[in-house]
Amino acid sequence: MVRERPLHRKNGLLLATMIRQGYTLRSLAKAAGVHYLTIWRIVNREHRPNGTTAARIAELLQCPPERLGLQVWGPPPPTAPPSSDASAP
């Protein structure tokens, strides 16, 4: 039997942003490349995403991870190194 979790324990910022932008748990998970239960666990605060997953979710929702209430674990996602221009002096 599945027990509903109280709303005050959910990540309301993430959930509201998902709904406002037309995402469901499954559609956001598919777009982010993770299992839908991962998104469910993040919304229910049973899981903290790593930096890469948080960055993908934030990019899809067009919002910084901190504003979505995501508590990230691990190192931040790698950033692209600055491009070096061979013609520069």
Side-chain angles (χ1 to χ4, degrees):
M1 182 171 141
V2 177
R3 212 177 60 202
E4 286 192 33
R5 295 179 58 89
L7 188 58
H8 70 276
R9 291 195 184 165
K10 295 186 186 301
N11 183 337
L13 298 171
L14 175 59
L15 194 56
T17 305
M18 284 172 49
I19 292 168
R20 190 174 29 242
Q21 296 198 18
Y23 282 103
T24 63
L25 291 173
R26 288 184 189 268
S27 65
L28 182 62
K30 186 174 183 178
V34 297
H35 196 274
Y36 80 95
L37 286 177
T38 301
I39 301 295
W40 184 89
R41 288 180 185 119
I42 293 168
V43 168
N44 285 287
R45 298 190 187 271
E46 292 182 1
H47 178 75
R48 292 186 313 171
N50 63 32
T52 304
T53 302
R56 278 187 278 179
I57 292 170
E59 181 180 341
L60 289 166
L61 297 177
Q62 302 168 350
C63 199
E66 302 79 29
R67 192 158 175 219
L68 293 171
L70 296 177
Q71 298 174 352
V72 180
W73 68 271
T79 57
S83 62
S84 60
D85 189 357
S87 63

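Since we're looking at a predicted model, the values are computed, not measured. The residues of the chain are indexed from 1 along the displayed sequence. Both backbone and side-chain heavy atoms feed into the values below; hydrogens, waters and symmetry mates do not.
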- Message: Applying a strict under-4.5 Å side-chain criterion to I, L, V, M, F, W and Y, I'd like to know whether Tyr23 and Leu13 cluster together.
- Response: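 Each belongs to a different hydrophobic cluster.
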Do you know the tightest heavy-atom contact between [X] and [Y]?
X	Y	value
Ala29	Tyr36	CB-CA, 3.4 Å
Asn11	Arg45	CA-NH2, 3.6 Å
Asn50	Val72	C-CG1, 3.7 Å

Output side-chain donor-acceptor pairs under 3.5 Å for residues 58-67, partner residues at least two apart or in another chain, one line each.
none

How long is the gap from [atom1] on [X] to [atom2] on [Y], to the nearest 0.5 Å?
X	Y	atom1	atom2	result
Leu14	Ile19	CG	CD1	9.5 Å
Thr53	Arg48	OG1	CZ	13.0 Å
Ile57	Leu68	CD1	CG	8.0 Å

- Item | Which residues share a side-chain contact (heavy atoms from CB on, under 4.5 Å) with Leu25, sequence neighbours left out |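 Partners of Leu25 under the side-chain contact (heavy atoms from CB on, under 4.5 Å) test: Met18, Ile39, Trp40, Val43.
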- Residues which pass side-chain hydrogen bond (donor to acceptor under 3.5 Å, both in side chains) with Thr38, listed by chain and number, not counting sequence neighbours: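 With neighbours one apart ignored, the set is empty.
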- Message: Working note: Val34 + Ile42, criterion side chain to side chain contact (heavy atoms under 4.5 Å, CB included); need CA distance, chi angles, decisive distance, verdict.
- Response: CA-CA 11 Å; Val34 297; Ile42 293 168; over 6 Å; no
